[in-house]
Amino acid sequence: MLSARSTATVRATLPAVGAAIGDIADLFYEKLFAAHPELLRDLFNRGNQASGDQRRALAGSIAAFATQLVERPGTRPDVMLDRIAHKHASLGVTPEQYEVVHTHLFAAIAEVLGDAVTPEVAAAWDEVYWLMAGSLIAVEERLYAQQGVLAGDVWHTWEVTARVEETEDVATFLLRPAGDTPTPAFRPGQYVSVQVELPDGARQIRQYSLSSAPGSRLRSITVKRVRGEGSPDGEVSRHLHEHTRAGELLRVSVPYGDLVLDHLDAPLLLASAGIGCTPMLSMLEHLAQEGHSGPVTVVHGDRSPADHALRADHVRLTEKLPEAEAHFWYETPDAAHPANRTGLVDLTDITVRPGTHAYLCGPLPFMRAVRAQLLEAGVRPADVHYEVFGPDLWLASS
């Protein structure tokens with residue numbers, strides 16, 4: 001809980017800090033990478049840095065945390081903190097790195113706000129930072145312990161046993177532990193980080209959902225090649241598509257992610273768009289293996305049936321569940337699949353049962369639209385769970 005004195009100061013300065021938080025984030029990263037270029041090379045996503053997405057996400061998380069401290073004292077934004085902590089754990093972030101961030105973040109605050117940063121203001125925002133950092137460190141410590149690893153020691157070597165071309169731009173890589181590498185447990189919906197060495201020597205990291213169910217020593221990730229539209233192609237996805245074949249070794253983290261299949265006694269709705277289908281396939285396969293008999297509604301939107309990665313599995317696994325139904329929307333219709341719908345996902349005539357728990361994954365506009373429709377249908381906000389690929393810009397813009 002923020003102290004009474006700091007609460008008053010943060011409340012008074014929040015509008016000014018909030019208005020400048022974007023500039024603060026920009027200058028923070030500039031200072032951070034000047035002092036520690038290895039962080040940009042080997043930890044942070046260079047694509048998200050170039051686009052500004054990571055900077056907006058940082059600004060949004062700090063502003064949201066500070067706002068909650070002053071508007072709802074005694075509570076914490078646990079959903080936000082858990083999502084960030086899972087991402088940090090998958091990257092191997094350590095407590096010591098929070099000290100590094102603190103140094104450059106507060107240097108940026110002082111430079112952007114100038115004389116407005118009095119000792120009292122600096123102390124109040126320092127308290128905000130360490131409350132947020134301390135919360136994240138505690139969650140990350142628990143996450144590391146759950147996987148039986150030391151803080152930051154999340155990487156293992158896995159071998160690619162096969163590669164399957166799903167669509168023109170999507171490939172599935174089947175993985176197994178190399179040598180005596182352990183096979184860490186995971187829950188349906190979670191992801192792993194994959195680190196590859198690029199031609200310039202950078203070791204870039206990206207997260208990919210596990211598209212298979214738990215229980216097997218063999219795992220799979222399904223990767224869409226990110227083709228830049230007015231910007232560079234995705235560095236890691238391009239590398240995997242162009243260079244990774246059976247027999248290659250990959251550095252893969254233990255699994256993390258807070259979008260996990262739960263509430264199995266409630267009606268379920270699994271909604272995805274594009275490559276967002278991957279965690280839903282893991283959930284569906286798990287439900288099928290467990291003989292789940294409750295109601296499940298599967299919703300997916302894509303450009304066309306040909307672009308719908310793992311479409312056959314989406315259909316097959318849905319059909320294995322006795323109370324499941326699938327609804328697919330495609331922007332471009334296909335005469336070979338007349339049962340599908342044309343256009344964007346629209347839940348207007350889809351039965352959303354009382355007590356439904358919904359799981360969403362896909363582009364942000366898709367998830368915003370589906371969430372709004374679910375709330376209109378009576379689903380509680382707390383029962384809508386989502387996963388964002390990349391920085392959480394939903395938070396940054398909220």
Side-chain angles (χ1 to χ4, degrees), residues 161-162 164-167 170-176 183 185-191 208-222 224 255 257 259-302 304-330 334 336-341 345 347 349-362 370 374 379 383 385-387:
T161 64
V164 180
E165 305 300 326
E166 305 290 355
T167 73
V170 177
T172 292
F173 299 90
L174 300 178
L175 310 172
R176 70 181 172 200
T183 308
F186 77 97
R187 298 178 66 187
Q190 291 191 306
Y191 55 77
Y208 298 106
S209 296
L210 291 158
S211 50
S212 55
S216 170
R217 189 167 166 80
L218 195 67
R219 302 284 165 81
S220 67
I221 56 172
T222 301
K224 179 177 181 179
L259 181 77
V260 293
L261 185 63
D262 208 343
H263 311 288
L264 298 186
D265 56 344
L268 302 175
L269 186 143
L270 312 181
S272 57
I275 198 61
C277 65
T278 52
M280 304 307 161
L281 266 293
S282 178
M283 293 181 185
L284 276 174
E285 185 174 358
H286 177 73
L287 291 172
Q289 289 180 352
E290 295 298 308
H292 184 74
S293 59
V296 180
T297 302
V298 176
V299 170
H300 182 77
D302 226 310
S304 71
D307 291 302
H308 182 171
L310 303 167
R311 184 183 188 280
D313 292 324
H314 226 154
V315 173
R316 174 180 59 82
L317 292 170
T318 302
E319 290 177 345
K320 282 190 171 185
L321 300 173
E323 292 296 323
E325 55 184 28
H327 306 276
F328 299 152
W329 282 259
Y330 299 115
D334 183 343
H337 303 91
N340 298 319
R341 303 164 187 237
V345 170
L347 303 183
D349 61 349
I350 302 299
T351 300
V352 179
R353 295 172 174 83
T356 286
H357 275 259
Y359 297 82
L360 317 182
C361 190
V370 171
L374 290 169
V379 178
D383 295 341
H385 318 278
Y386 72 94
E387 179 65 272

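Note that the coordinates shown come from a computational prediction; the quantities given were computed from them, not determined experimentally.
Proximity of Thr318 to Leu321: side-chain heavy atoms (C-beta onward) are nowhere separated by under 4.5 Å. Looking at His314 and Leu284, their side chains come closer than 4.5 Å, going by heavy atoms from C-beta outward. A 4.5 Å side-chain heavy-atom check between Cys361 and Met280 finds at least one atom pair inside the cut-off. A heavy-atom distance below 4.5 Å is found between the side chains of Leu347 and Val370. Between Met283 and Tyr359 the shortest side-chain heavy-atom distance falls below 4.5 Å.
Looking at Ser211 and Ser282, their side chains never bring a donor and an acceptor atom within 3.5 Å of each other. With hydrogens and angles left out, the side-chain atoms of Ser212 and Arg219 include no donor and acceptor closer than 3.5 Å.
In this structure, SG in Cys277 is found 9.0 Å from CG in Asp313, a value given to the nearest 0.5 Å. Here the NE2 atom belonging to His292 is positioned 9.5 Å from the NE2 atom belonging to His286, to the nearest 0.5 angstrom. Atom CD1 of Ile221 and atom OH of Tyr191 lie 14.5 Å apart (nearest 0.5 Å). Rounding to the nearest 0.5 angstrom, the gap separating the CG atom in Leu281 from the OG1 atom in Thr222 is 7.5 Å. Atom CG of Asn340 is separated from atom NE2 of His308 by 9.0 Å, given to the nearest 0.5 angstrom. Leu360 CG to His385 NE2: the interatomic distance, rounded to the nearest 0.5 Å, is 9.0 Å.
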Report task. Report the C-alpha separation of Phe328 and Val299 in whole Å, then their side-chain angles, then the decisive distance to 0.1 Å, and conclude whether the side chain to side chain contact (heavy atoms under 4.5 Å, CB included) test is met. Result -> CA-CA 6 Å; Phe328 299 152; Val299 170; over 6 Å; no
Report task. Determine, step by step, whether Ile350 and Thr297 satisfy the side chain to side chain contact (heavy atoms under 4.5 Å, CB included) criterion, reporting the C-alpha distance in whole Å, the side-chain angles of both residues, the deciding distance to 0.1 Å, and the verdict. Result -> CA-CA 9 Å; Ile350 302 299; Thr297 302; 4.0 Å; yes
Report task. Quick one: do Leu310 and Thr172 satisfy side chain to side chain contact (heavy atoms under 4.5 Å, CB included)? Show the steps, please. Result -> CA-CA 9 Å; Leu310 303 167; Thr172 292; 4.0 Å; yes
Requested in this report: Determine, stepwise, if the pair Phe173 / Val164 fulfils side chain to side chain contact (heavy atoms under 4.5 Å, CB included).
Outcome: CA-CA 7 Å; Phe173 299 90; Val164 180; over 6 Å; no
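Checked by atom type and distance alone, the side chain of Gln190 pairs as donor or acceptor with a backbone atom of Arg187 at under 3.5 Å. A side-chain donor-acceptor contact under 3.5 Å links Ser216 to the backbone of Leu218. Remark: the backbone N or O of Ser293 is not paired with any side-chain donor or acceptor of Glu323 at under 3.5 angstrom. Looking at Thr356, its side chain never comes within 3.5 Å of a backbone N or O of Val352 through a donor-acceptor pair.
A salt bridge is defined here as a Lys NZ or Arg NE, NH1 or NH2 lying under 4.0 Å from an Asp or Glu carboxylate O, and Lys224 with Asp307 fails to meet this definition.
For the residue pair Ala309 and Asp302, the shortest heavy atom distance occurs at N-OD2, 4.4 Å.
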Run the side-chain donor-acceptor check on residues 261-272: report pairs under 3.5 Å with partners two or more places apart or on a different chain.
{"from": "Ser272", "atom 1": "OG", "to": "His300", "atom 2": "ND1", "distance (Å)": "2.8"}

